[in-house]
There are 2 protein chains.
Amino acid sequence: MQEKNRKRASGCPIAFGLDIFGDRWTLLVIREIMLRGKRTYSEILEADEGIATNILIDRLKHLESEGILEKRRDPENRRSFIYNLTKKGRDLAPILIEIIIWSGAHDHRPNARHDVLEKIRKDRAGFEADLRDS
Amino acid sequence: MQEKNRKRASGCPIAFGLDIFGDRWTLLVIREIMLRGKRTYSEILEADEGIATNILIDRLKHLESEGILEKRRDPENRRSFIYNLTKKGRDLAPILIEIIIWSGAHDHRPNARHDVLEKIRKDRAGFEADLRDS
DNA sequence: AATCACGTATTGCAAAATGCAAGTTAAATA
DNA sequence: TATTTAACTTGCATTTTGCAATACGTGATT
């Protein structure tokens, strides 16, 4: 398994964050859970981006070890596991929202999706509150 | 040189952003320019994190090609180049700010720096406006 | 108990990115 | 013209990614 133990010790908050979620996949896993209600390994695997199984399990373990996700057995399907966001994980919501806003302003591709952005524009506080409750 | 041409075509704004700055160094380069006033290759190289020369030049070229940085000769020192943020680059400020806030809440290391966070807490709008003017 | 299905996870390997050290180029100054 | 400064470039070992195939663990079915 990959390590991700390359942590910078500068004390800088940006570096601290990037050491945890500074890669192509970690925040996308958070997106699936926070914005799309996915909760299990296989649900996240089906997401439209096509994350590889080894990368996904690596990121799930990493996020769990960082205290961003909690893993427990699904009481309704005892061969499955449910990943839930902790407070630390839910607190990532404003970062995702700002990425959505930035991309909304600067993604000029014809297939760019702006639906979530519209929701945020209309009622950011409400949108964020919904995320945090889920 | 490395490529970074692994772009996802899903239309998702999170994926759009991560395809551009989803790695360990890109936002740290932006931090040096936006929060610490660095403007040249060698100024950024001296930053406390120790970025390698080939990685730095790769990221500068990448950010320039994405329209986030503009490169021009320094009129006062014609062997130097100045990198300035474009509007697209300055618009990354809220993302950096939210990362600082998140890390401020969740970085419990003894050497964690909270000085910038304090400024943001006291007057976020003012802080952000200063960044965007610089 | 043996078999099957499902969901989670691991392994092997090629390709790409990273990290480090050393070298090169171009412009200004002595 | 020689030297210094600033911006890169190159080579190479290591690490991470991406992909396909395979294995493991749990619960249901026969």
Side-chain angles (χ1 to χ4, degrees), chain A residues 1-10 15 18-29 32-33 38-66 69-84, chain B residues 1-10 15 18-29 32-33 38-66 69-84:
Chain A
M1 200 216 310
Q2 293 90 323
E3 273 305 316
K4 289 269 260 171
N5 271 343
R6 322 148 290 163
K7 293 218 176 159
R8 287 165 285 218
S10 67
L18 293 178
D19 282 344
I20 293 174
F21 53 74
D23 72 275
R24 265 166 63 76
W25 291 110
T26 301
L27 287 180
L28 229 45
V29 170
E32 289 300 312
I33 297 174
K38 307 292 178 66
R39 284 296 179 277
T40 69
Y41 171 92
S42 45
E43 281 176 346
I44 298 170
L45 201 60
E46 289 161 7
D48 46 347
E49 312 293 356
I51 186 169
T53 60
N54 55 342
I55 307 286
L56 176 56
I57 199 67
D58 176 78
R59 294 305 186 276
L60 288 171
K61 285 179 175 172
H62 177 237
L63 287 168
E64 197 191 352
S65 80
E66 290 288 348
L69 294 179
E70 275 176 346
K71 178 185 184 180
R72 43 184 66 161
R73 279 208 179 272
D74 183 346
E76 293 171 10
N77 175 1
R78 286 211 25 92
R79 65 186 130 178
S80 186
F81 294 93
I82 290 183
Y83 291 92
N84 278 303
Chain B
M1 202 215 310
Q2 293 91 324
E3 271 306 314
K4 289 267 255 171
N5 272 342
R6 323 149 287 165
K7 292 216 177 161
R8 289 166 283 219
S10 67
L18 293 178
D19 282 344
I20 293 174
F21 52 74
D23 72 274
R24 266 166 63 77
W25 290 110
T26 301
L27 287 181
L28 229 44
V29 170
E32 289 300 313
I33 297 174
K38 307 292 176 66
R39 284 296 179 277
T40 68
Y41 172 92
S42 46
E43 281 177 347
I44 298 169
L45 199 62
E46 289 162 6
D48 47 347
E49 312 293 355
I51 186 169
T53 58
N54 54 342
I55 307 287
L56 175 56
I57 199 65
D58 176 78
R59 295 306 186 276
L60 288 172
K61 284 178 177 174
H62 177 238
L63 287 168
E64 197 191 352
S65 80
E66 290 288 349
L69 293 179
E70 276 176 346
K71 179 185 183 180
R72 45 183 64 161
R73 279 211 178 268
D74 183 346
E76 293 172 10
N77 175 0
R78 283 205 30 89
R79 66 187 130 178
S80 186
F81 293 93
I82 290 184
Y83 292 92
N84 277 303

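Lettering of chains follows the sequences in order, A, B, ..., and the numbering in each one begins at 1.
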Check against salt bridge (Lys or Arg N to Asp or Glu O under 4.0 Å), A/R24 and B/D19 = CA-CA 7 Å; A/R24 265 166 63 76; B/D19 282 344; 2.7 Å; yes

d([atom1], [X]; [atom2], [N]) in whole Å:
X     : N      : atom1 : atom2 : value
B/I51 : C/dT18 : CD1   : C1'   : 11 Å
B/F81 : C/dT25 : CZ    : P     : 16 Å
B/I57 : C/dT25 : CD1   : P     : 16 Å
A/D23 : C/dT18 : CG    : P     : 11 Å
A/D74 : C/dG7  : CG    : C1'   : 11 Å

message = Just so I know, are the side chains of A/I82 and A/E70 near enough to count as touching, which here means a heavy-atom distance under 4.5 Å?
response =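 No, every pair of side-chain atoms sits at 4.5 Å or beyond.
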
request  = Report yes if some heavy atom in the side chain of A/V29 is under 4.5 Å from a heavy atom in the side chain of A/T26; otherwise report no.
outcome  =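 Not in contact.
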
Counting just side-chain N and O atoms, does [X] come under 4.0 Å of either OP1 or OP2 of [N]?
X     : N      : result
A/W25 : D/dT16 : no
B/T53 : D/dC8  : no
A/R59 : D/dT17 : yes
A/K61 : C/dT10 : yes
B/K71 : D/dA6  : no
B/S42 : D/dA7  : yes
B/R24 : D/dT15 : no

query = B/S80 or A/G50: which one's nearest nucleotide on DNA chain D is closer to the 5' end?
reply =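 Counting from the 5' end, the first nearest nucleotide belongs to B/S80.
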
inquiry  = Quick check: closest heavy atoms across B/Y41 and B/L56, and the distance to 0.1 Å?
reply    =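 So the two residues come closest at O-CD2, 3.5 Å.
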
ask   = So, for A/H62 and A/I20, which heavy atoms are closest and what is the spacing to 0.1 Å?
value =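 Smallest interatomic distance, heavy atoms only, reads CE1-O, 3.1 Å.
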
Close N/O contacts between protein and nucleotides 12-15 of chain C (under 3.5 Å):
none

Check: protein-nucleotides 24-30 of chain D nitrogen or oxygen pairs below 3.5 Å:
{"from": "D/dG27", "atom 1": "OP1", "to": "A/R78", "atom 2": "NE", "distance (Å)": "3.1"}

message = Taking donor-acceptor contacts at under 3.5 Å, does the side chain of A/T40 reach the base of C/dT8?
response =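 Per atom types, no contact qualifies.
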
message = Measuring from atom CG of A/N54 to atom CZ of A/R59, what distance do you get when rounded to the nearest 0.5 angstrom?
response =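 Interatomic distance, A/N54 CG to A/R59 CZ, rounded to 0.5 Å: 9.0 Å.
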
message = Is it the case that the side chains of A/R39 and A/N84 hold a donor-acceptor pair, with the cut-off being a distance below 3.5 Å and no angle test?
response =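 Yes, a side-chain donor-acceptor pair sits under 3.5 Å.
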
message = Applying side-chain contact (heavy atoms from CB on, under 4.5 Å), can you list everything that pairs with A/S80, at least two apart in sequence or on another chain?
response =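 By the side-chain contact (heavy atoms from CB on, under 4.5 Å) rule, A/S80 matches A/T40, A/D74, A/N77.
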
